[in-house]
Amino acid sequence: MTGFKHDLPAGVIPWLENLGSGQLTRLQRHVARREAWVVDISREDGSVLEGFLRIDRAPVEGSNVSLRKEARICKALMATDIPAPGLLGWNEEHHAALFTRDPGSADLPAVQDPRQQRAIMEDFMRVIARLHRLELDTLGLDDILGPRPTSPAESALGDLNVQLQRFAGFLKKHHDPLLAYGVDWLRRFVPEQVARVSLVQGDTGPVNFMFQQDRVSAVVDWEWGHWGDPMEDLGNICVREFWNPSGGLDGLFRLYEAESGIPYTRFSAQYYRVQQNVRGMIPIHFACSNPSMGESLAWYLCYRYIGDRATAEALAEAMNVPITVPEMPEESGSGEEVLLEAAAQTLARDIEPQLDDAFARSRARDAGILLRCARRERQLGPVLQAIECEEMSELLGTAINGVEQGNAALVNAINARQLEDEPLLQYLARRAYRDEWLYAPAAALYPERRWSALD
């Protein structure tokens with residue numbers, strides 16, 4: 001225990017060793033957006049407990065995203081045929097959960113054989129079909145998941161409304177036209193019916209499940225789990241496959257329909273991929289405005305600007321609105337930008353390669369990305385701001401002299417439904433393309449992400 005470098009609360013290590021009835025022999029920070037640790041506990045009989053530690057240092061009471069909820073769901077699923085991490089223990093004092101660690105891989109995009117990749121995705125769709133057919137009364141989760149939705153609107157908008165309430169103070173000041181339009185669009189086009197209420201994972205798809213050979217061995221990351229429309233998970237799969245390309249979606253949702261008996265429509269997937277993006281982008285926008293969270297801002301910038309572009313594209317496709325990528329301004333440089341680039345190169349060339357710890361190397365790389373983004377903000381930000389003011393002025397029919405003023409005016413017009421969908425969506429898409437281009441060093445973490453075609 002003395003040889004491990006960590007900043008875990010004092011009581012966590014004894015708790016782990018007590019759970020495992022042995023001595024901690026491995027403690028390694030897992031490189032991920034949320035804090036996690038790989039844990040081995042060796043016992044006197046020679047056996048080793050291989051665990052995965054998650055900890056939430058700042059839990060938000062009443063949040064719809066909860067490690068406590070994830071632990072409870074995993075515990076409930078241990079009595080079903082849904083492969084999920086087993087819960088080994090929950091520590092209420094430190095909001096820490098120890099799960100079983102699956103020896104499989106989560107990196108489905110890295111599978112070279114397309115036949116194996118397809119077989120894994122088909123098995124995953126069968127798992128999700130079984131998940132959505134579970135009898136809810138047998139799970140014992142009503143106390144933590146809350147009342148079950150009683151209407152399509154409650155199913156579609158419940159988690160979104162929780163996000164809007166949770167981040168109300170932030171959104172009051174953060175006038176983002178794309179988020180405002182996305183929220184209003186989801187309310188306007190709520191599905192007319194829901195086939196059944198199911199336990200949905202809420203953030204499911206490639207990289208959020210483990211596999212061995214061509215079978216799913218564990219579906220992971222249940223902190224978004226809730227009662228809802230099973231079609232929501234199909235939208236989630238679209239989003240996860242967007243970020244983690246895994247052979248496309250052709251025929252997979254028809255397979256799900258055949259396995260589950262739950263009807264699928266193309267618009268339901270279109271609707272819920274927008275819902276997943278808008279719901280998920282709210283906390284990502286918040287994180288990008290609050291860099292003291294202790295998590296990787298470079299990754300959040302990547303998620304934000306690729307995610308915004310993906311949201312605009314998904315909305316445009318659902319509305320049959322044609323959009324185009326605008327021409328980008330020419331790049332130029334100055335002394336300040338040269339200094340920022342030099343700092344980024346120093347990190348990449350002289351510091352990152354010398355770091356032995358994978359987590360430290362990832363953070364050094366992130367710092368270099370932030371420096372390059374800062375360079376582009378200084379160099380190109382004013383040019384893009386002038387373009388935004390000109391285009392918002394044309395859209396609103398009034399002179400806009402600053403981006404913040406324009407954002408507020410545009411959000412007000414969206415909330416009042418004063419603008420036509422097509423020109424508004426075309427502007428929001430152009431803006432999202434420009435922002436992704438501006439933050440290209442962060443967007444390069446997930447290059448060339450595109451939506452897969454839907455049946």
Side-chain angles (χ1 to χ4, degrees), residues 77 80-84 102 104-134 155-156 191 193-196 198-222 224-225 228-277 279-280 307 310-311 313-314 317-318 446 448-455:
L77 292 177
T80 74
D81 63 351
I82 305 302
D102 192 280
S105 171
D107 195 1
L108 186 59
V111 173
Q112 297 298 310
D113 183 353
R115 292 171 299 179
Q116 181 189 6
Q117 200 174 54
R118 177 68 181 194
I120 294 167
M121 281 301 295
E122 288 182 354
D123 189 56
F124 173 68
M125 296 312 302
R126 295 186 182 98
V127 170
I128 296 301
R130 295 200 305 271
L131 170 69
H132 292 165
R133 299 301 305 184
L134 290 176
S155 294
Q193 60 184 2
V194 171
R196 60 168 286 152
S198 298
L199 172 62
V200 298
Q201 188 185 1
D203 189 17
T204 200
V207 183
N208 268 359
F209 64 82
M210 311 290 289
F211 61 90
Q212 300 179 46
Q213 287 81 49
D214 58 358
R215 292 291 181 267
V216 173
S217 52
V219 180
V220 300
D221 202 348
W222 292 86
W224 279 96
D229 184 348
M231 292 298 102
E232 180 183 325
D233 270 347
L234 301 193
N236 294 329
I237 291 168
C238 294
V239 174
R240 300 295 309 183
E241 209 274 340
F242 170 93
W243 290 100
N244 307 282
S246 303
L249 301 172
D250 184 40
L252 290 178
F253 293 165
R254 296 301 176 188
L255 170 63
Y256 164 87
E257 182 178 45
E259 292 285 330
S260 68
I262 300 172
Y264 157 75
T265 65
R266 187 170 184 267
F267 182 76
S268 62
Q270 290 179 317
Y271 179 88
Y272 279 110
R273 71 182 184 180
V274 172
Q275 187 249 36
Q276 161 78 350
N277 261 26
R279 184 197 70 182
T311 303
E313 290 176 338
E317 181 182 311
Y446 278 108
E448 298 300 323
R449 287 326 195 242
R450 296 292 181 268
W451 290 113
S452 288
L454 295 169
D455 289 343

Rounded to the nearest 0.5 Å, what's the gap from [atom1] on [X] to [atom2] on [Y]? Could you check?
X: Leu108; Y: Met121; atom1: CG; atom2: CE; answer: 6.5 Å
X: Arg126; Y: Leu252; atom1: CZ; atom2: CG; answer: 10.0 Å
X: Ser105; Y: Phe209; atom1: OG; atom2: CZ; answer: 10.0 Å
X: Asp123; Y: Asp214; atom1: CG; atom2: CG; answer: 7.5 Å
X: Phe124; Y: Leu255; atom1: CZ; atom2: CG; answer: 12.0 Å
X: Thr265; Y: Gln270; atom1: OG1; atom2: CD; answer: 8.5 Å

Output yes when a side-chain donor or acceptor of [X] lies under 3.5 Å from a complementary backbone atom of [Y], and no otherwise.
X: Gln193; Y: Pro191; result: no
X: Asp233; Y: Thr204; result: no
X: Trp222; Y: Val219; result: yes
X: Arg196; Y: His132; result: yes
X: Ser268; Y: Tyr264; result: no
X: Gln116; Y: Gln213; result: yes
X: Glu232; Y: Gly202; result: no
X: Gln201; Y: Val220; result: yes

Give me the atom names and distance for the closest heavy-atom approach of [X] to [Y].
X: Leu77; Y: Leu199; result: CD2-CD2, 4.2 Å
X: Asp455; Y: Arg254; result: OD2-CG, 3.7 Å
X: Met210; Y: Ala106; result: SD-CB, 3.6 Å
X: Ser217; Y: Gln212; result: CB-NE2, 3.5 Å
X: Ala218; Y: Asp102; result: CB-OD2, 3.7 Å
X: Val127; Y: Ile82; result: O-CD1, 3.8 Å

Derivation of the side-chain contact (heavy atoms from CB on, under 4.5 Å) call for Met231 and Ile262: CA-CA 9 Å; Met231 292 298 102; Ile262 300 172; 3.8 Å; yes

Can you list the steps and then say if Trp243 with Val207 is a side-chain contact (heavy atoms from CB on, under 4.5 Å)? CA-CA 9 Å; Trp243 290 100; Val207 183; over 6 Å; no

Look at atom CZ of Arg450 and say whether more than 12 heavy atoms of other residues, nucleotides or ligands are closer to it than 6.0 Å. yes

Quick one: do Trp451 and Glu241 satisfy side-chain contact (heavy atoms from CB on, under 4.5 Å)? Show the steps, please. CA-CA 8 Å; Trp451 290 113; Glu241 209 274 340; over 6 Å; no

Looking at residues at least two apart in the chain, or sitting in another chain, which of them share a salt bridge (charged side-chain N to carboxylate O under 4.0 Å, His left out) with Glu317? Arg266, Arg273

Between the side chains of Tyr272 and Asp229, is a donor N or O closer than 3.5 angstrom to an acceptor N or O? yes

Return yes if a side-chain donor-acceptor contact under 3.5 Å exists between Arg279 and Gln276, otherwise no. yes

Student check: side-chain heavy atoms of Pro109 and Asp107 closer than 4.5 Å: yes

